[in-house]
Structures are given as structure tokens and as C-alpha cells.
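From a predicted model like this one, the values you see are computed outputs, not experimental measurements. Letters A, B, ... mirror the listed sequences (proteins, then strands); counts begin at 1.
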Amino acid sequence: MPELPEVESARRNLVHWLDGRRVVRAEADASRVFRGARPEDFASLRGRLKSLERRGKYLLFTFEKGRGLLAHLGMTGRFVRRPEGVPVPYSRARLHLDSGSVIHYADSRLFGRLEPCDASRLYELEAVKALGRDPLVDGLNAEQLQEALGSSRQDLKVALMDQGRVTGLGNIHAAEALFRAGLHPARKPASLTPEEWERLADAIHASLAFGLEEQQGEEPAYLEEGAENRFLVYGRAGTACARCGTPVESFTQGGRTTHCCPQCQPPHPGRKPSDARRKRASHRR
DNA sequence: GGAAACCTGAGC
DNA sequence: GCTCAGGTTTCC
């Protein structure tokens, strides 16, 4: 579930929690999140955090003594801090601090990933090397966006979610950015004008900035109970577009549900609407 | 390009 | 009971 804003928020929380503290003990349950690695390797994490960087949806931890950890939250992963002894549902791995707090990695669906390794090797890992430009870490302007996506023959939204081209956008923020830019998700990258690349680059930054604002506080906002949908089109199928009142549509694209406003995001600029398969989806909240 | 896989919970 | 989920990988 988490996209760039949620992962960045997790990074900031972790830095705050670990600032001036020492990990006195680390331990983990055997679980899928370790993939190739072993829980015992996680237990070798110790001491102070030297740095915590984010690339796309990955977190790269460097601890003293050269130990490193690559983390990905998958769909349901999150880091939470609790006092020693307080249980956390689906806790898979824990960092015990000298302050008496415990940082848990909790993950119900186990799509996440924890990979302990030598810190010097973090950026050599295939998963990290394969990542494209990160809009926040590396910056992203219209030219860089076009360079990353322009060669793709996939639909624009599918290309936007390709982590090897630009990293950090997921299903929500890709849809939100396209709405902000007034671009239909099924447009082909090759058809975009320089002005449209410009709008899209701006829209990506705006969407991510909005997502970050929503992530204040220590608990992931998307898990808050009764949280209302604050997005512009995501999850709003059938409801009125905030800009023009036309009902928001949803359809499937690259195996994922896409939301867009057919009025604000014309399928083919200058042409009649086309044939993108759409289905009248029920609302979600 | 699409579907299926990996998992569990929430919602209807 | 069935469908869907903000991710990624793998296999037709």
C-alpha cells in the first residue's frame, strides 16, 4: 500500500525514534519477509543508526559496524514504536532500544521485505540498482520525466508506475498526478507535448507533496479508522469530479484499477472519446 | 500485454 | 460468501 509519501514518512519517524538511541538487541521471527536472508542476520543489527535513506519505496538503513538493512513495506508493512512488552499485531521483526522502546516491523500480508546485508552493499543490490529516478531524492523536471518515460509504449499510467523509470509512484499517486495534469491514463507517452510533460512533472510533485502533508504523525494515516478519502479521483468512481462535476470513471489498466475524470482527462486530445473499456464501479470510501 | 502468484483483512 | 486492496514477481 505505501507509496513514496508513506515511505518517506516512515523514514522520518524512524530517524526520529533512533536519534541518539542505540539498538541493544534485534530479533525476528522466521517469515517470508526475509526472502533469501535469515532472521539471524537481522539479529546482527546493533548500535546507532548512521544513516537512513529512501529510494522510491525502499528504505536503506546503515548502522554502526557497517551493518545494513534494506526494507520494503509491500502492501501492509509498517514500522511502529511501542514500549517494551506491548504486543503489536503481525510484528515480524523488532529493534529493542536502550530507551526501553521497541520498533516493530509489522506486516499482515507479508508482501514486504527485510534484507539485512553489509551497508557497503546496499546500493549494489539488484532491487536498488534497478530503480529509476526518485522525484524527491534526485529531482524530476519535465525533461527528465520525458527521458524516463518517453521510450515506453505502455499506457502512460502503467509507465508512471514502472519503478525502473521513475520510482515512488504507485496506483494512487499515479492516478492523482494524471488527474492534476489533465492527462488520460491511457495516453501513450510518445504522444505528449512538451507542455504536457511540464504539467505532468508539476502534477507529480504536487501529488506527492499533498501525500506527505497527509502523513503527519507517527501512525500511517491510511490506516486511520474512519479516514475519509482525501484524494481527487482515486477511489471516487461514480462521484462527481471536484473540478467539473462529471462522474469519475474507473477501469482496469495493467491489472490495476484506474480512476479518472473523462472530461478533465480527455482520452485523445482533439478527438472523440474512445473505447477504453470502462466499467461502472461502485464507490469505495 | 495480461493473468496469476504471493497473503490476510475489510467491506458489502 | 465473494470482491477488493496504495506492491512486486513470475509465468504464460
Quiz item: Near DNA chain B, which residues from residues 28-39 of chain A have a heavy atom under 4.0 Å away?
Solution: A:R32

Self-check item: Interface with DNA chain B, restricted to residues 150-159 of chain A and to heavy atoms under 4.0 Å
Solution: A:R153, A:Q154

Exercise. For A:R82, check side-chain contact (heavy atoms from CB on, under 4.5 Å) against everything at least two apart and list the hits.
Key: A:V80, A:V86, A:V88, A:H104, A:E219

Quiz prompt | Partner set under side-chain contact (heavy atoms from CB on, under 4.5 Å) for A:S120, not counting sequence neighbours | solution = A:D118

Below 3.5 Å is the cut-off: list the nitrogen or oxygen pairs between protein and nucleotides 8-12 of chain C, distance only.
| unit_1 | atom_1 | unit_2 | atom_2 | d |
| --- | --- | --- | --- | --- |
| C:dT8 | OP1 | A:H72 | NE2 | 2.7 |
| C:dT8 | OP2 | A:K57 | NZ | 3.0 |

Check salt bridge (Lys or Arg N to Asp or Glu O under 4.0 Å) between [X] and all other residues, then give those that pass, not counting sequence neighbours.
| X | answer |
| --- | --- |
| A:E27 | A:R94 |
| A:D202 | none |
| A:R133 | none |
| A:R230 | A:E214 |

Quiz prompt | Atom P, compared across B:dA3 and C:dT3: separation rounded to whole Å | solution = 15 Å

Self-check item: Runs of at least three consecutive pairs that involve DNA chain C, where pairs are Watson-Crick or G-U with distances under 3.5 Å
Solution: B:1-6 with C:7-12, B:8-12 with C:1-5

Quiz item: Is the aromatic ring centre of A:Y234 closer than 5.5 Å to the centre of the six-membered base ring of C:dG6, with the two planes inclined by less than 30°?
Solution: no

Practice problem: Under the ring-ring contact (aromatic ring centres under 6.0 Å, His included) rule, collect the residues that match up with A:Y105, sequence neighbours excluded. | Solution: A:F79

Quiz item: Does any pair with a residue in residues 185-211 of chain A pass ring pair (Phe, Tyr, Trp, His ring centres under 6.0 Å), and if so which ones, sequence neighbours excluded?
Solution: none

